[in-house]
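First the structure, in the form of structure tokens, and then the observations on it.
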Amino acid sequence: MNELVQAPGAYDPKAVEAKWRERWEESRTNATDLDHPGKPYFNLMMFPYPSAEGLHVGNVFAFVGVDIHGRTRRLQGFDVFEPLGFDAFGIHSENYALKVNTHPGQLIPQNIRRFREQLKRVGLMIDWDHELSTTDPAYYKWTQWIFLQLFKAGLAVKKSAPVNWCPECKTVLANEQVIDGFCERHPDVKVHQRFLEQWFFAITKYAARLLENLETLDWSDSTRLMQTNWIGASKGADLEFPTPTGDPIRVFTTRPDTVFGATWVVLAPEHPMVESLTAAEQRADVEAYRRQTAEMDIVSRKVGDKEKTGVFTGSYARNPATGEDIPIWVADYVLMEYGTGAIMAVPAHDERDFEFATKFDLPIVKVVEPNERGPDGEPLALPNTTWEGTLVNSGQFDGMSAGEAVTAITEWLESIGGGAARTQYRLHDWCISRQRYWGPPIPIIYCDKCGTVPVPEEDLPVVLPETDDFRPDESGVSPLARLDSWYHVPCPKCGTTARRETDVSDTFLDSSWYFLRYPSTDYSDRAFDPELTKKWLPVSQYIGGNEHAVLHLMYSRFITMALHDLELLPFEEPYRSFKAHGTIVRDGAKMSKSRGNVVIPDEYIDRWGADTFRMYLMFLGPYQEGGDFRDEGIAGIRRFLDKVWTAVSAAPANAAPLAPTVQRKLHQTVGKVTDDTEGLRYNTAISALMEYLNTLRSEGGASAEALNPLLIMLAPFAPHMAEECWERLGHGESIFDATWPAYDEALAREDEIELVVQVNGRVRGRVTATRDITEDDARALALGDETVKKHVDGKEIRKVIFVPGRLINIVVG
RNA sequence: GCCCGGGUGGCGGAACGGGUAGACGCAAGGGACUUAAAAUCCCUUGGGGUGCAAACCCCGUGUGGGUUCGAAUCCCACCCCGGGCACCA
């Protein structure tokens, strides 16, 4: 990179940016009057985790894109509220603290200070009066309060769930810490499954609503689709298979039409009926198998391509359709947490069942004849999972199409035994318990007499006790359990000595409601003020990374819905609009510390200025797709800003009306930039601004009249520089109190167009014509062109296609 | 395996519901200014060919087919890259 030499009077970003940072702060330009908004607009960006490495270029890319949107909205007359906070609890911070052997309570404030300073240099329109941190007791008091509201509503329940357990670390591992079934830290120690009592939020109760509402939301399609897949609705039916114990086995199936082909039943190893259905002579085998399953970690348990295993229980269930007795097996390819934990096996029409039948030599009965045939007309090989087929071997249903049979068979089974149509969701309840230190303690007390007692609201927050002893230990419970004085408390109900819940809650709970808190950060006596909430929420526009498309967005939607049902919020969806931004790579490769190709924002801001850096990030590609950062390119943006600066410095004082060509280009630019910023296509908006400036320059200079609208449209991208230029053109107010230029289509229209002439679809000439030229005139004009003549002469004109204002295509043959 | 994106010059990327492929920028080459360089300004720049020239012709948007007067854009098959899900019955 070349050192930039400053000529006197040249654009000096350092000075300009320092001046306006100070000025904005003094005049409180970025503070929003929350109590009296005219047109409130809540512009939300995903708050960052304040890592020790400092602000990442990915953060800057994300925030700048949101900021441009917010600043544009402000120029368009909205009262924009653009707050920011820090998502500072969680295992990420804790692990780092453990690594550098410093208390997270000490590290986090340092990191936040550094982040705040870095963020201020980027020139974001943040209203810092409403900053928050999830680690602040004044914040997590309300995180705990939300837990209590859900607890009271029966939406927070304690249940046993499998976790990954490393016998060497003697601790719970996250799925990511399990590598091919082994512990990340102990590569020769196998991780196995263990059951722990944990707190869950009953998000599955909301599955149908979370899914339905998706259709009404203005969200990126990709995000909606990911949420849809995550919720994973499957239409089907519960069917009952009677057993000798008197209790039937309930199975869930999406293919009730194939019930006549069910030749055995499978229970998950954890299924409660395994015990009573295991015959004496099979007991040893079944128990061994269940032990073997329990020794697996929960990741490899679910890997689909491993060989099927299973064991016969020795008992039989009756197929309700055929009346035949079929064997009951136990196999780990059936999962307890999905459906009913039991399935009917239809090997002819399910690949997994087919594989199992082949291995254990179980009968295969074809019940659907596919419409499709093989190349020689012979039937397709089994298994075949198609819906396009006709029932066979299915008694009175023979000949019916598979699709019709779904309802017919479900209804028939319902009338003669057990059967009911049902939609099953893949979504699981949300486990919020973490056996860790760095999070908000779950506000629950266990009393031997009174049982599970919620901490009374007036006792909130349950402050996370300060202790140097925060390392996870071999007990597998949270370090908080070791703090005797904290752990033992009087029961809020009966006063006898009781014990606190020692788990802390999931970071996703902290971030599931932070947007509700922003407007109300001044209130210490309520989570969110009803008046302010009514004025400012739901969020007008939310922009963030697609890495949070599933969990964070799903959880915050759920919490909002639950609070709505508790009549604490007047709306049930938190974000009117959500758009996902893309990711930035460098020189075509992912950025990573190990590759050493990470862009450090401070270095670029020092060298080029924040405005150039912001604008370059936006110029790399469509905001929603991301882009490829290359050091060579940034100079182009700086050159553009230099040219704007020069044009402003040279602008004549007395205003002349705009030349027609300039006026036309101006309106075309306003139209394009307005559209493009609306659609977050910042890259093409910038190129339109460049084209406009190029036009001004080729017209031999620019008046203030021509530059004012350019500066306003440039201001969201390069706020400091635009402010300075605005002031230099004699404006007293901040440019952000100016009004976005109006687009006039009539003024943007070109009178003369270049009409493309094609012969047989190939361009053979271009003629200038008026915009509204008729087909006859166009045809005459086209046939007058020498080159066109050459291609047409001596041939018969078969057809002429005329696209008004665009082209004429002469088809000859 | 399944579900989404995406493959366009030397590079990042443009191209409204099928209608001038390569906007804008980077890099490169040439020129002006300068003692010189930087900066700045002007010109050229997808590949190939014909012509002294003005011009003109052919090829070209991952690959192979198709639909159409006309395809980067629509359809079918396939290859590659990125992301998500993954024994979900």
Side-chain angles (χ1 to χ4, degrees), chain A residues 2-7 10 221-226 228-230 232 234 236 251-255 258 266 301-306 308 331-335 337-346 349-353 355-356 385 424-428 546-547 549-550 582-583 585 587-588 590 616 619-622 624-637 639-640 642-643 646 672 675 681 683-691 694 697 754-766 786-787 790 798-803 805-813:
Chain A
N2 300 312
E3 273 309 321
L4 296 165
V5 179
Q6 293 292 340
D221 288 342
S222 61
T223 314
R224 264 209 306 240
L225 204 83
M226 281 166 81
T228 304
N229 293 341
W230 191 261
S234 293
V251 305
F252 174 74
T253 178
T254 53
R255 297 297 301 264
T258 64
V266 188
R301 160 71 192 276
K302 293 188 195 173
V303 167
D305 51 8
K306 68 169 197 263
K308 295 280 172 291
D332 71 355
Y333 79 97
V334 175
L335 308 171
E337 72 253 32
Y338 186 78
T340 60
I343 62 152
M344 63 175 199
V346 185
H349 307 291
D350 182 282
E351 280 169 28
R352 296 151 302 186
D353 297 342
E355 201 188 319
F356 199 80
T385 57
Q424 169 70 40
Y425 298 94
R426 195 179 292 208
L427 186 69
H428 287 23
N546 239 345
E547 71 272 19
V550 178
T583 46
V585 297
D587 301 319
K590 217 176 200 161
Y616 182 52
F619 189 58
L620 294 175
Q624 296 190 70
E625 283 163 39
D628 188 358
F629 193 101
R630 286 169 195 259
D631 283 357
E632 308 89 80
I634 194 166
I637 293 292
R639 282 201 272 265
F640 169 70
D642 280 333
K643 285 177 203 169
T646 309
K672 178 147 178 67
D675 267 13
R681 293 178 299 270
N683 56 331
T684 47
I686 292 169
S687 75
L689 294 175
M690 288 172 166
E691 280 190 57
N694 290 345
R697 284 160 56 86
E754 197 173 61
L755 190 77
V756 170
V757 184
Q758 296 183 339
V759 179
N760 287 351
R762 310 196 62 136
V763 180
R764 296 299 180 189
R766 298 176 173 88
E786 285 304 316
T787 313
K790 223 168 60 191
R798 290 200 177 151
K799 203 178 347 162
V800 173
I801 286 134
F802 178 64
V803 183
R806 254 187 199 281
L807 66 73
I808 183 161
N809 184 13
I810 298 162
V811 185
V812 297

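Letters go in sequence order (proteins before strands), and every chain restarts at 1. From a predicted model like this one, the values you see are computed outputs, not experimental measurements.
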Response to the item:
The ring-ring contact (aromatic ring centres under 6.0 Å, His included) partners of Phe640(A) (sequence neighbours excluded) come to none

Rounding to the closest angstrom, what is the interatomic distance between [N] and [M] at atom [atom1]?
{"N": "C79(B)", "M": "G30(B)", "atom1": "C1'", "answer": "42 Å"}
{"N": "G22(B)", "M": "A15(B)", "atom1": "P", "answer": "13 Å"}
{"N": "A53(B)", "M": "U68(B)", "atom1": "C1'", "answer": "39 Å"}
{"N": "C81(B)", "M": "A86(B)", "atom1": "P", "answer": "22 Å"}
{"N": "C42(B)", "M": "G25(B)", "atom1": "P", "answer": "11 Å"}
{"N": "A27(B)", "M": "G12(B)", "atom1": "P", "answer": "15 Å"}
{"N": "U73(B)", "M": "U8(B)", "atom1": "P", "answer": "14 Å"}
{"N": "A71(B)", "M": "G62(B)", "atom1": "C1'", "answer": "16 Å"}

Practice prompt. Quick one: classify the glycosidic conformation of G9(B) as syn or anti, with syn meaning within 90° of 0.
Written response: syn

Return the nearest nucleotide to the side chain of [X]; candidates are [options].
{"X": "Pro622(A)", "options": "C69(B), C24(B), G13(B)", "value": "G13(B)"}
{"X": "Lys643(A)", "options": "C41(B), C57(B), C87(B)", "value": "C41(B)"}
{"X": "Arg762(A)", "options": "C24(B), C58(B), G13(B)", "value": "C58(B)"}

Worksheet item: Looking at Asp221(A) and Arg224(A), does any basic side-chain N land under 4.0 Å from a carboxylate oxygen?
Response: yes

Would you indicate what [X] reaches in the nucleic acid, counting non-hydrogen atoms under 4.0 angstrom: base, sugar-phosphate, or nothing?
{"X": "Arg681(A)", "result": "nothing"}
{"X": "Val334(A)", "result": "base"}
{"X": "Arg224(A)", "result": "nothing"}

How far apart are the closest heavy atoms of [X] and [Y], and which atoms are they?
{"X": "Phe802(A)", "Y": "Leu755(A)", "result": "CE1-CD1, 4.4 Å"}
{"X": "Thr385(A)", "Y": "His349(A)", "result": "CG2-O, 3.4 Å"}
{"X": "Val251(A)", "Y": "Ile343(A)", "result": "CG1-C, 3.5 Å"}
{"X": "Met226(A)", "Y": "Asn546(A)", "result": "CE-O, 4.0 Å"}
{"X": "Tyr616(A)", "Y": "Arg630(A)", "result": "OH-O, 2.6 Å"}
{"X": "Tyr338(A)", "Y": "Ser234(A)", "result": "OH-OG, 3.5 Å"}

Pull out every protein N or O sitting under 3.5 Å from an N or O of nucleotides 8-11 of chain B, one pair per line with the distance.
from, atom 1, to, atom 2, distance (Å)
C11(B), O2', Arg630(A), NE, 3.3
C11(B), O2', Arg630(A), NH1, 3.4

Would you mind reading off the distance between [X] atom [atom1] and [N] atom [atom2], rounded to a whole angstrom?
{"X": "Tyr338(A)", "N": "C85(B)", "atom1": "OH", "atom2": "P", "answer": "17 Å"}
{"X": "Arg426(A)", "N": "G84(B)", "atom1": "CZ", "atom2": "C1'", "answer": "12 Å"}
{"X": "Leu427(A)", "N": "C85(B)", "atom1": "CG", "atom2": "P", "answer": "14 Å"}
{"X": "Asn694(A)", "N": "C41(B)", "atom1": "CG", "atom2": "C1'", "answer": "13 Å"}
{"X": "Gln624(A)", "N": "G6(B)", "atom1": "CD", "atom2": "P", "answer": "12 Å"}
{"X": "Tyr616(A)", "N": "C24(B)", "atom1": "OH", "atom2": "C1'", "answer": "13 Å"}
{"X": "Asn546(A)", "N": "C4(B)", "atom1": "CG", "atom2": "C1'", "answer": "10 Å"}
{"X": "Asp631(A)", "N": "A27(B)", "atom1": "CG", "atom2": "P", "answer": "12 Å"}

Item to complete: Between Arg639(A) and Asp332(A), just flag the one whose closest nucleotide in RNA chain B comes earlier from the 5' side.
Response: Arg639(A)

Worksheet item: Taking for each residue the nucleotide of RNA chain B bearing the nearest heavy atom, is the 5' side occupied by Gly633(A) or by Lys799(A)?
Response: Gly633(A)

Worksheet item: Could a donor-acceptor pair under 3.5 angstrom be found where the side chain of Lys308(A) meets the base of C87(B)?
Response: yes

Worksheet item: Has Lys308(A) got its NZ or CZ under 6.0 Å from the middle of the six-membered ring of Phe356(A), at an angle within 45 degrees of the ring axis?
Response: no

Item to complete: Decide yes or no on side-chain contact (heavy atoms from CB on, under 4.5 Å) for Arg426(A) and Asn229(A), but give the supporting numbers first.
Response: CA-CA 9 Å; Arg426(A) 195 179 292 208; Asn229(A) 293 341; over 6 Å; no

Close N/O contacts between protein and nucleotides 28-30 of chain B (under 3.5 Å):
none

About how many Å separate [atom2] of [Y] and [atom1] of [X], when rounded to the nearest 0.5 Å?
{"X": "Leu807(A)", "Y": "Arg766(A)", "atom1": "CG", "atom2": "CZ", "answer": "11.0 Å"}
{"X": "Asn809(A)", "Y": "Asn760(A)", "atom1": "CG", "atom2": "CG", "answer": "7.0 Å"}
{"X": "Phe619(A)", "Y": "Ile634(A)", "atom1": "CZ", "atom2": "CD1", "answer": "12.0 Å"}
{"X": "Asp642(A)", "Y": "Ile637(A)", "atom1": "CG", "atom2": "CD1", "answer": "11.5 Å"}
{"X": "Leu620(A)", "Y": "Asp628(A)", "atom1": "CG", "atom2": "CG", "answer": "7.5 Å"}

Worksheet entry | pair Asp675(A)-Arg681(A): side-chain heavy atoms closer than 4.5 Å | yes

Practice prompt. Classify every nucleotide of nucleotides 17-23 of chain B by which part a protein heavy atom approaches to under 4.0 Å, writing B for the base, S for the sugar-phosphate alone and - for neither, in 5'-to-3' order.
Written response: --BBS-B

Item to complete: Report yes if a side-chain nitrogen or oxygen of Thr787(A) is closer than 4.0 Å to either non-bridging phosphate oxygen (OP1 or OP2) of C56(B); otherwise report no.
Response: yes

Item to complete: Take atom CD of Glu351(A) as the centre, draw a 6.0 Å sphere, and report whether it contains more than 12 heavy atoms from other residues, nucleotides or ligands.
Response: no

Worksheet item: Quick check: does any side chain N or O of Arg764(A) sit under 3.5 Å from a backbone N or O of Lys790(A), one acting as donor and the other as acceptor?
Response: no

Discussion item. Working note: Thr258(A) + Asp350(A), criterion side-chain contact (heavy atoms from CB on, under 4.5 Å); need CA distance, chi angles, decisive distance, verdict.
Written reply: CA-CA 10 Å; Thr258(A) 64; Asp350(A) 182 282; over 6 Å; no

Nucleotide N/O of nucleotides 81-83 of chain B paired with protein N/O under 3.5 Å:
from, atom 1, to, atom 2, distance (Å)
G83(B), OP1, Lys590(A), NZ, 2.8

Worksheet, complete the sentence: Intra- and inter-strand pairing of RNA chain B, written as dot-bracket with Watson-Crick and G-U pairs under 3.5 Å and | for the latter, reads (((((((..(((......[....))).(((((.......))))).(((((....)))))..(((((..]....))))))))))))....

